[in-house]
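Single-structure report; data block below.
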Amino acid sequence: MSAETSSSRKPVTWVNSAFIVEAIILLVFLVGSIAVFMQVYSAAAQSGTRGADLAAATNLAQSAAEKFAADPANAAGTVQDDSYTVDTQVSDEDTAAGTLYHAHIVVSSPDEEVFALDMARYVSGGEA
Amino acid sequence: MAKNGSVRMGPISLFTLIAVIVLAVMAVLTLVTANAAHAVSTRQAHAVTCAYTAETAAQTFVAAVDGEFVTAQAQSDDPAAALQALEAALPDLAAQAQAIAGTDAQVTAQIDGTQITASFVVLERRLDITLEVAQEVGVQITSWKLTTVQDQTTSETLWQGAAN
């Protein structure tokens, strides 16, 4: 009776050990995979954020440039738009027949400068 | 014993494998989509930079033409002489605009009677302007057109027609 019990329990122990080993291997594999995937998702999130920042900054710089083109003498200043700061620096240069205005437009996020644009607008003496 | 000792993939392993494959596919798709969006933003920013570089060169060119014409008018009362002086100075004015636009740009200008046409090509953006020079009103902008340069160098044959 005792020998029969011993022989019938042996496979069950083997299966339990195999299950535990399999579970441990699966757990390690899953944790490793998730670690790799988290890095990929993190890189994708950073890339997406940079792209969205650049697109928004480009649109803001374009708006500021058109504002400068419409009224170059009064376009200088700093504007806060959501989390972006649009800084427009204007300098003027007298020419033989009018004034040539230069603008340097910088769009910055709280962390860094995202996009910069240079533009010029000529106003002849007759228009001024 | 041989039957009990065989190793087979259990449902938990199968489920984990499917989950990992799905996660991997989603991660790759997310990364590709994010990179594509970033590339589009970069191209948009580059196009805007090119457009405003051409705009800056054109504005500088108009200022130079206006100044040259006013100076020529002050030196001579003859309108034809002022136009001749402007025609002689036009290559230098175009060169100044070229210097502002940079080495990647291409600036051309020509005068036909009282009409000056100039084009400013900065990589993928092209700005064509037309100026009218008149004795009474000076230099006036009659046309200001920004377009995208089409790359015609690479062609692909889509259909060669019927075989017979």
Side-chain angles (χ1 to χ4, degrees), chain A residues 7 10-12 14-15 18-19 22-23 25-27 29-30 32-34 36-41 43-59 61-62 65 69 72 93 95-103 105 114-126, chain B residues 1 3-5 7 9-10 12-13 15-17 19-21 23-24 26-49 51-53 55-74 100 137-141:
Chain A
S7 63
K10 199 173 179 181
V12 174
W14 187 89
V15 167
F19 177 77
E22 180 188 9
I25 291 172
L26 278 177
L27 191 64
F29 176 63
L30 194 62
S33 301
I34 287 174
V36 172
F37 295 151
M38 287 306 289
Q39 289 185 352
V40 175
Y41 281 121
Q46 284 182 0
S47 181
T49 305
R50 280 203 311 271
D53 277 349
L54 187 58
T58 305
N59 289 334
Q62 212 167 352
E93 173 191 348
T95 62
T99 307
L100 183 63
Y101 293 91
H102 297 275
I105 300 163
V114 182
F115 187 66
L117 193 64
D118 288 307
M119 194 192 167
R121 172 79 164 89
Y122 174 65
V123 178
S124 72
Chain B
M1 180 67 187
K3 189 178 178 183
N4 289 338
V7 177
M9 180 173 278
I12 298 176
S13 303
F15 176 75
T16 307
L17 188 66
V20 166
I21 289 172
L23 279 173
M26 289 177 68
V28 170
L29 288 177
T30 306
L31 188 62
V32 168
T33 305
N35 284 342
H38 186 255
V40 168
S41 301
T42 306
R43 283 179 59 189
Q44 180 196 358
H46 186 250
V48 168
T49 303
Y52 282 100
T53 302
E55 176 93 12
T56 302
Q59 292 284 346
T60 309
F61 178 76
V62 172
V65 168
D66 198 18
E68 191 68 31
F69 184 65
V70 167
T71 306
Q73 271 189 319
I100 287 172
V137 292
V139 176
Q140 281 191 318
I141 299 170

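All figures in this text were calculated on a predicted structure; none of them were measured in a lab. Here is how names work: the chains are called A, B, and so on, in the same order as the sequence lines, proteins then strands, and each is numbered from 1.
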Kindly determine whether A:Leu54 and B:Thr42 satisfy side-chain contact (heavy atoms from CB on, under 4.5 Å), including the steps that lead there. CA-CA 7 Å; A:Leu54 187 58; B:Thr42 306; 3.9 Å; yes
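- Smallest separation of non-hydrogen atoms from B:Ala34 and A:Ala44: CB-O, 3.2 Å.
- For the residue pair B:Gln59 and A:Ala120, the shortest heavy atom distance occurs at CG-O, 3.1 Å.
- Considering every non-hydrogen atom in both B:Asn35 and A:Ser47, the closest pair reads OD1-OG, 3.0 Å.
- Interface summary for chain A: among B:Thr30, B:Val32, B:Val139, the most heavy-atom pairs under 4.5 angstrom belong to B:Thr30.
- Atoms CE and OG1, on A:Met119 and B:Thr53 in that order, are 11.0 Å from each other to the nearest 0.5 Å.
- Counting heavy-atom pairs under 4.5 Å between each of A:Val40, A:Leu26, A:Thr95 and chain B puts A:Leu26 at the top.
- Rounding to the nearest 0.5 angstrom, the gap separating the OH atom in A:Tyr41 from the CG atom in B:Leu31 is 10.5 Å.
- Taking both residues in full, the closest heavy atoms of B:Ala45 and A:Thr58 are given as CB-OG1, 3.6 Å, listed atom of the first, atom of the second, then distance.
- Under a cut-off of 6.0 angstrom, the local environment of CD in A:Glu93 is crowded, with over 12 non-hydrogen atoms contributed by other residues, nucleotides or ligands.
- Contact of the A:Glu22 side chain with the B:Ile12 side chain is not registered, since no non-hydrogen atoms from C-beta on lie closer than 4.5 Å.
- For B:Thr71, the part lying under 4.5 angstrom from a heavy atom of chain A is the side chain only.
- Proximity of B:Thr60 to A:Leu100: side-chain heavy atoms (C-beta onward) are separated by under 4.5 Å at one or more points.
- Looking only at heavy-atom pairs under 4.5 Å with chain A, the residue among B:Thr16, B:Val70, B:Val48 that has the most is B:Val48.
- From A:Leu30, atom CG reaches atom OG of B:Ser13 across 11.0 Å, with rounding to the nearest 0.5 Å.
- For chain B, the option among A:Gln62, A:Met38, A:Gln46, A:His102 with the highest count of heavy-atom pairs below 4.5 Å is A:Gln62.
- Ranked by heavy-atom pairs under 4.5 Å with chain A, the list B:Ala64, B:Ala74, B:Gly67, B:Ala27 is led by B:Ala27.
- Of the two parts of A:Tyr101, neither the backbone nor the side chain holds a non-hydrogen atom closer than 4.5 Å to a non-hydrogen atom of chain B.
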Which is it for A:Asp118 and B:Tyr52 under the side chain to side chain donor-acceptor pair (under 3.5 Å) test, yes or no, and what are the steps along the way? CA-CA 7 Å; A:Asp118 288 307; B:Tyr52 282 100; over 6 Å; no
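- Annotation: side chain of B:Val20 is in contact with side chain of A:Phe37 (closest heavy-atom distance under 4.5 Å).
- Looking only at heavy-atom pairs under 4.5 Å with chain A, the residue among B:Leu17, B:Val62, B:Leu23 that has the most is B:Leu23.
- Between chain B and the options A:Ala57, A:Ala61, A:Gly98, A:Ala55, the largest number of non-hydrogen pairs under 4.5 Å is found for A:Ala55.
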